[in-house]
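We're numbering straight along the sequence, starting at 1.
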Amino acid sequence: MDVYDFLQELQSDFYTGVPDSQLQVLCDYLIAEMGISDRHIIAANEGNCTALAAGYYLATGKIPVVYMQNSGIGNIVNPAVSLLHEKVYGIPCIFIVGWRGEPGVHDEPQHIFQGEISQKLLEDIGLYVVIIDSGTSPEELKKEMEKVRNILEQGKGAAFLVRKNALSSDRKASYQNAGTMTRESVIGRIAAAAGTDVIVATTGKASRELFEIREKTGQGHDRDFLTVGSMGHSSSVALGIALQKPDTRIWCIDGDGAVLMHMGAMAVIGSQCPPNLVHIVINNEAHETVGGMPTAASAIDFTMIARGCGYPTAVSADTCEALDAQLSAIKAGNALAFLEVKCAIGSRADLGRPTISTRENKSAFMEYLKRCR
């Protein structure tokens with residue numbers, strides 16, 4: 001189905017969401033048509049989107065649209081059931097959900113169980129679910145929209161669960177920033193500085209690049225934990241390890257989109273202030289793993305936020321020379337440290353995926369931690 005026809009049938013003029021590779025066509029179309037504006041907001045997380053949508057409805061009385069990957073359903077549960085639901089305020093909303101891990105469709109391990117339960121989860125939180133695939137015709141959508149509009153008029157919500165390649169468009173958006181370093185080169189420098197220390201890597205291409213760097217250098221993967229799911233929580237995983245292994249330095253390789261998704265984690269890290277934790281945010285101002293749509297990171301100062309959260313050291317680097325100098329200084333120190341590294345959007349076209357399973361990664365990593373003092 002053409003994305004233009006799909007959105008025309010929804011008849012909404014407000015969209016907010018968290019980008020999803022399965023909804024790349026939709027994301028590109030919205031950027032091309034609306035940019036980032038008061039009609040289209042890329043939010044920090046899916047719960048944030050849902051609350052924004054509620055505010056839009058309260059101010060206008062018109063139906064908002066929230067788009068997201070199904071991995072974000074967990075983030076919408078609280079506002080959907082305690083704010084929007086018909087038994088509370090009865091605020092209508094349309095959700096567009098990319099169906100990663102759909103049963104019978106090959107996908108990455110972090111999406112498998114989420115895909116199995118997505119439709120039921122959406123129904124359990126009170127949403128009427130419509131499945132969209134490549135064969136859905138405009139006429140079929142129109143009939144479903146008659147039901148959806150009746151549901152929305154009752155103060156209820158609806159979700160369109162979108163299968164792979166269900167939407168199409170010839171509109172493309174191009175994403176770039178002013179960064180010069182590649183993320184892979186940054187991760188290579190971090191891995192070299194960390195040596196035999198432990199690394200916790202965030203969701204997406206950062207973990208994939210770290211894995212391939214280890215493969216190329218023949219270093220093995222036992223000291224790396226690749227957080228393939230639970231976007232935004234890598235720094236909390238790293239904190240949990242750091243507190244239990246105080247004599248082992250823990251390096252967290254994070255991303256700007258992930259940090260924004262659950263920024264409260266930084267306040268908890270700062271309050272605990274473990275001297276053996278290094279929190280590195282690779283900032284390319286984009287959700288690059290799922291297509292490159294911009295984050296709000298270009299408008300904020302991560303180092304100032306880190307200092308405000310209690311990190312004793314908070315520095316930034318945007319060149320290889322500055323990065324190497326900051327890594328050396330952090331390695332020589334003995335305090336909780338925050339390092340923002342500004343880099344370009346993009347990755348190798350032939351970037352692979354880890355060839356070991358998540359369970360194998362967990363087991364090897366835990367064995368490595370046992371050997372740490």
Can you name the closest pair of heavy atoms from [X] and [Y] and give their distance?
| X | Y | value |
| --- | --- | --- |
| L277 | A242 | CB-CB, 4.2 Å |
| T295 | A286 | CG2-C, 3.5 Å |
| C252 | A238 | CB-CB, 3.8 Å |
| C372 | K245 | O-NZ, 3.7 Å |

>> Please check: side-chain N/O of Q272 versus main-chain N/O of I269, any donor-acceptor pairing under 3.5 Å?
In response: no
>> Whether the side chain of T227 engages the backbone of A201 through a donor-acceptor N/O pair (distance < 3.5 Å, no angle test) should be reported.
In response: yes
Within a radius of less than 6.0 Å around [atom1] of [X], do more than 12 heavy atoms belonging to other residues, nucleotides or ligands occur?
| X | atom1 | result |
| --- | --- | --- |
| Q176 | CD | no |
| Y175 | OH | yes |
| K331 | NZ | yes |

Please check if [X] and [Y] belong to a single hydrophobic cluster, counting links between Ile, Leu, Val, Met, Phe, Trp and Tyr side chain heavy atoms closer than 4.5 Å.
| X | Y | result |
| --- | --- | --- |
| L226 | I112 | no |
| I187 | I330 | yes |
| I132 | L127 | no |
| I280 | M304 | no |
| V66 | V77 | yes |

> So which pairs with a foot in residues 226-236 pass salt bridge (Lys or Arg N to Asp or Glu O under 4.0 Å), sequence neighbours left out?
Replying inline: none
> With I42, which of C27, P19, C49 fulfils side-chain contact (heavy atoms from CB on, under 4.5 Å)?
Replying inline: P19
>> Going by side-chain contact (heavy atoms from CB on, under 4.5 Å), I282 matches just one of E209, M181, K342, R183. Which one?
In response: R183
>> Assess the residue pair S347 and K205 against the criterion (side-chain hydrogen bond (donor to acceptor under 3.5 Å, both in side chains)); give the C-alpha distance rounded to whole Å, side-chain angles, the decisive distance to 0.1 Å, and a yes or no.
In response: CA-CA 8 Å; S347 63; K205 290 184 179 179; 3.0 Å; yes
> When you check the gap from the basic side-chain N to the acidic O, do D5 and K142 get nearer than 4.0 Å?
Replying inline: no
>> Less than 4.0 angstrom from a charged side-chain N to a carboxylate O is my criterion; do R149 and E9 meet it?
In response: yes
>> Is a donor from one side chain sitting under 3.5 angstrom from an acceptor on the other, for T358 and N361?
In response: no
>> Quiz question: by atom type and distance under 3.5 Å, do the side chains of E33 and Y4 form a donor-acceptor pair?
In response: no
> Any idea how F302 and F338 line up, ring-wise: parallel (<30°), tilted (30 to 60°), or perpendicular (>60°)?
Replying inline: tilted
> Please walk me through it: do F14 and Y57 pass ring pair (Phe, Tyr, Trp, His ring centres under 6.0 Å)?
Replying inline: CA-CA 10 Å; F14 180 78; Y57 172 80; over 10 Å; no
> Does Y67 have its ring centroid less than 6.0 Å away from the ring centroid of F95?
Replying inline: no
